[in-house]
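So the structure is just underneath, and the comments pick up after that.
Numbered from 1 within each chain, the chains take letters A, B, ... in sequence-line order. Bear in mind the structure is a predicted one, so any value in this text is a computation, not a measurement.
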Amino acid sequence: MERPVTLHVDGTARKLSVDTRTTLLDALREQLAVTASKKGCDHGQCGACTVLLDGRRVLACLVLAVTCDRSEVTTADGLGGSGSPHPVQRALLEHDGLQCGYCTPGQACSAVGMLDEAKAGWPSAVTEDPRQNVELTEDEIRERMSGNLCRCGAYPNIVAALREAIR
Amino acid sequence: MIPFEYRRAEDTDSAVAAVEEAPRAVFLAGGTNLVDHLKLGITAPEELVDVTALPLDTIESTPDGGLRIGATVRNSDLAASPPVRERYRALSLALLSGASAQLRNRATTGGNLLQRTRCPYFQEVTTPCNKRSPGTGCSALHGHNKNHAVLGASDSCVATHPSDMAVAMAALDGTVHVRSSRDERTIPVTELHRLPGEQPHRDTVLERGELITAVDLPPLPEGTYTAYRKVRERASYAFALVSVAAVLRVANGVIDDVRLAFGGLAHKPWRAGTAEERLRGAIPEEATFREAAEAELSVARPLADNAFKIPLARNTLGAVLRDLTTEVLR
Amino acid sequence: MTQDVGSGAVGSPVERLDGQAKVTGNAPYAFEQLTEGAVYLHPLRAPVARGRVTEMDTSAAEAVGGVRAILLAGQVEQLDTRDRELAVLQSREVAFRGQYVGAVLATTPENARHAASLVRVSCAASPPDVALEGDRADLYAPEVVNPRFGTDTEQGDTDSAFEEAAYFIDRTYRTPMEHNNPMEPHATVAHWDGGELSLYDSTQGAHSVRATLAPLFGLPTDRVRVQAPHVGGGFGSKGLPHANVVLAALAARSVPGTPVKFAVTRQQIFTVAGHRTPTIQRIRLGATRSGELTAITHDVVEHTSRIKEFAEQTAVPTRNMYRAANRRTTHRLAALDVPVPSWMRAPGECPGMFALESAVDEMARECGQDPVEFRIRNEPSEDPETGLPFSSHNLATCLRRGAEGFGWYDRNAPARSSPDAAGWIPGVGVAASTYPVFRSPGSRALVLAEGSGRYRVSIGAVDIGTGARTALTQIAADALGTEVSAIDLRIADTALPYANVAGGSSGTTCWGTAIHEAAGKLRAEHGSAPLPGASAEGETTSNPESGRFAMHAYGAQFAEVRVHADTGEVRVPRMLGVFAVGRVINPRTARSQFLGGMTMGLSMALHEEAVLDHELGHVVNQDLAEYHIATNADVGAIEITWLDEQDPHVNPMGSKGIGEIGIVGTAAAVANAVQHATGVRVRQLPITPDKLIS
């Protein structure tokens, strides 16, 4: 069952017809050839497909594309705007916060979403006093980035990169 | 995944009517559980009725000083909302220790309550499972059952309920508002989920077409403290082996009010009534906590791989009460 | 050996050359190729672990829109192979649950999946046998263990030595079945066109995929092309082609001219992409009163599949790690109804050193000696097995430097401290790491002068995230006396000269040596400013010094843990690794390799365990929610250092492999630290709360 939708992907309006079963992830990758969002598990267990959907980090593998009509989707490719990498991406490069690169676009999107959440004062499971505003310590970053698995083990470098991006 | 229709509901009446009328229609909220299950073939609806556009996404204080939480409020918004952080810390912590930030940004209050078990046999459609395919048997009963139930299970099903949020809501005496085309009703959170018995395919007492619209939390009296502690095999992004939600108030050196719930032990959030009874009126001290926990867990029946959950639950409950007492007395 | 001209590129922390493409998501992986007009493959899988398929009813599946073809076991073209893992769909026998028994091709992934779910597969099944026990009657000795080590060794008289020993321990350690789980699932885009097969594949060896597939399909190798532009990790599971690649190629032949896309699902990875065998390891150690080891035995039991043997070389590191006059190592296998085991990061060393380094820790305590000093005291002065001198051996320096850097000597000597206010009990542990220097002959590189001081360097190697692209560019720049920016490195394609698989921590050795040789030849034949079009080819030969020296890398790992007194949760806030690995080509990417290895070792220590259901025969926890790998929150501060080690014998660069040694020993360091904290010795991985709760 096909439905027309318009997705605003990395700043460009894309009109397409989607099977109601198609996830946002498959719509991006297979129909629009936008492959910055990666399929690592397809079941919400790894974070490789993380994108910003209307500004929030979500897992594209568990979102049906048909529910995203007129939404803004930002992948790692669009994080920096006009061709240049986002400061978070630049920091990941400098700190070698990646190896195989497959989880990396999701890590980058997740980090940008995470910084916005912290700016809004959202607590995490390790926030000492959830009534207070948060400071992004290493432990805070680790917890907040734990939805993005990295099998190459770049976590310490990712944390170092994000500490720098915050400064 | 069989082909299905998709409909975005504009108002609550039409949403419940749509699901009631179509025998194989289901509600779609955040999708974090349903889309997973569609791919695995656990469920095969012919129509999804999207409820995320319904006006159920607000968090409001109630006249009695409690809180009304809309069914489509996202888990992350709920965890971060000032009244929850200030007055219902256990709920905020429970939400934040569930899943990952990305999932919490999608998952909703109603969907979280209705999420289904993470039993790996339930999730693998080629294996027998009474919950997924009634009458086929329970693969976990004599299979790998480390993460399974020690309380209230039956030979038909030993699955656990995976929610953290629901455990906190059970301890906080939450009430679920449910709507159908015929009427509205309220159900205590502790009575929403069923024990498996002979009908493990029924997770909750909800009838077909009933839609959760909100959860009410009653006010907590002055001087009440709450906590949530989750023990799991990773430091983050993992389901609970055991979790404990606790509400505690101490007056004149004795426990004046205590409400406790366990996660990870049963087919539902397990309200620890026996332990509460032992503790009410007692002096808050280590030995009493342990005794109360042991009384609660005396009915526990371990499986081959999960006997450890009993001492783990006892110790975790003790640690939570010890920490809360320290906080209360500070 | 020829010397580098030395532009200083080798040894400098060059930023990952494909880094920008990766952080923005623009680096293309296998599945992201040739999407236009492609069809999607969804496999059919055996719903039983042992038996045979009796019937497959495809009528409902055929009615699904967009279905292009359905392949069924026993009804496809014959493949020329005796490898029963790769004899995909050749018979209806079922050797393990989840084995491929068919495939559906459809124009969308949704329809392929849906149609596959409608195929009714009936089987005649018998109860599977998947339980590994140390006392099974059917254990057998394989002819060799991976890759071609002797199965058993025996030196001296261990029984007498144990009898005479002042201290004696006899312990059994167990490691579970583990899965590599690279973040990018195995994926292939296969395309038959005019009798030629082209593949984009997520592999550690483009040439090895070609060498395996061409004869299978009766093709000369030049009719097969394999490309692997970017690969999202492998850790051994993409080292040898598995059934999924064959299935994709087979399916593509049924729709010539149309590309077939097949990404193995995460769940399927647990059955078709290899795994590490579970191990049962009995270790006995005897020592003198002064703490000198006199006898070591290491007897290993592990599983393999009924259709294909893979014998992990678990006891091999015990053959040369410590000095002892009497020694025995053995490997025994049970062939079960399980998926085919294969390489997983440091096969042999990784599980074997968990057991050995735990046992050595236990013995040090038995002798009342410091575990660091005990290890140093028992260092061999030459290879105990062959008597060969070591090309370099700096384990003691790693241990000493690590102990100093970690604050080892400041720790509480007795085990079992009391918990802090939050209930956490601290502890520290140490373990040694080792990994052999492998070098296979045959890799070739072509260097072409492009003029204006620029060079094109071609070799069919792959970068699976190791940083090979960057390191090889640095090696080329150095060997050609130029800058990194003057090198145009072409890799990841069988159209380029032959390269060995990225495995055995030998990629840089095998490929770098070939590049080095080619560059040397170009300079010798055409001078330091060759004209455009001048070219030379180099080839890696066997190491002429391999018969004269024993060659290994070493390391020391230290771990600080906290164990929660109430819940048995284990946290690892701090680790330190010190390595002696010869010359480090790129400190930035090398550090990441060590970090990654230690992180995976930590994950092995605390989380990883695939559980087989004894009645149904499948991996129960077949996804990333249930098969836990470490998250960011599980990993604390990890400090990495290495010695300035000179080893002229290993290869022209003086470098030893670094991809695997980081995972070796980590789990033992953590287990030893847990023992220090709690007094509880966990001999069965992973160290989960249930094993520490009381």
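Closest heavy-atom contact between C/D613 and B/G143: OD2-CA, 3.8 Å. Closest heavy-atom contact between B/A235 and C/A633: CB-O, 3.6 Å. Across every non-hydrogen atom of C/D566 and B/A319, the tightest pair is OD2-CB, 3.5 Å. Minimum heavy-atom separation, C/P689 to B/R232: CG-O, 4.3 Å.
C/E608 contributes atom CD, which lies 12.0 Å from atom CD of B/E233 (distance to the nearest 0.5 angstrom). Here B/R234 contributes atom CZ and C/S603 contributes atom OG; the two are 8.5 Å apart, rounded to the nearest 0.5 Å. Atom CD of residue C/E569 and atom OG1 of residue B/T316 lie 7.5 Å apart, to the nearest 0.5 angstrom. Rounded to the nearest 0.5 angstrom, C/E626 CD and B/F239 CZ are separated by 7.0 Å. Atoms CZ and CD1, from B/R314 and C/I693 in turn, are 7.5 Å apart once rounded to the nearest 0.5 Å. Here the CD atom belonging to B/E124 is positioned 9.0 Å from the CG atom belonging to C/L616, to the nearest 0.5 angstrom.
With a threshold of 4.5 angstrom between heavy atoms, B/N147 approaches chain C through side-chain atoms but not through N, CA, C or O. Neither the backbone nor the side chain of C/N111 has a heavy atom closer than 4.5 Å to any heavy atom of chain B. Interface remark: C/R45 contributes no atoms to any contact with chain B (heavy atom separation under 4.5 Å). Proximity to chain C is limited to the side chain of B/R229, based on heavy atoms less than 4.5 angstrom apart. Proximity to chain B involves both the backbone and the side chain of C/V620, based on heavy atoms less than 4.5 angstrom apart. The contact between B/I2 and chain C is made by backbone and side chain atoms together, counting heavy-atom distances below 4.5 Å. Only the side chain of C/H607 has a heavy atom closer than 4.5 Å to any heavy atom of chain B. Looking at C/I687, there are no atoms closer than 4.5 Å to chain B (heavy atoms on both sides), in backbone or side chain.
Taking chain C as the reference chain and counting heavy-atom pairs below 4.5 Å, the highest number among B/H142, B/Q123, B/K146 is found for B/K146. Between chain B and the options C/K691, C/R571, C/E110, C/H614, the largest number of non-hydrogen pairs under 4.5 Å is found for C/R571.
C/R50 CZ: more than 12 foreign heavy atoms inside a 6.0 Å radius. Within a 6.0 Å radius of CZ in C/R120, other residues, nucleotides and ligands contribute 12 heavy atoms or fewer. Within 6.0 Å of atom CD in C/Q684, more than 12 heavy atoms from other residues, nucleotides or ligands are found, so the atom counts as buried in its surroundings.
Ionic pairing of B/K309 and C/D690 is not present here: no N-O contact between side-chain nitrogen and carboxylate oxygen is shorter than 4.0 angstrom.
When atom types are taken as modelled, the side chain of C/R113 and the backbone of B/M1 share no donor-acceptor pair closer than 3.5 angstrom.
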Point to revise | side-chain hydrogen bond (donor to acceptor under 3.5 Å, both in side chains) assessment of B/T126 paired with C/R97 | key: CA-CA 10 Å; B/T126 65; C/R97 193 178 180 110; 2.9 Å; yes
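No side-chain donor-acceptor contact under 3.5 Å links B/Y237 and C/N632.
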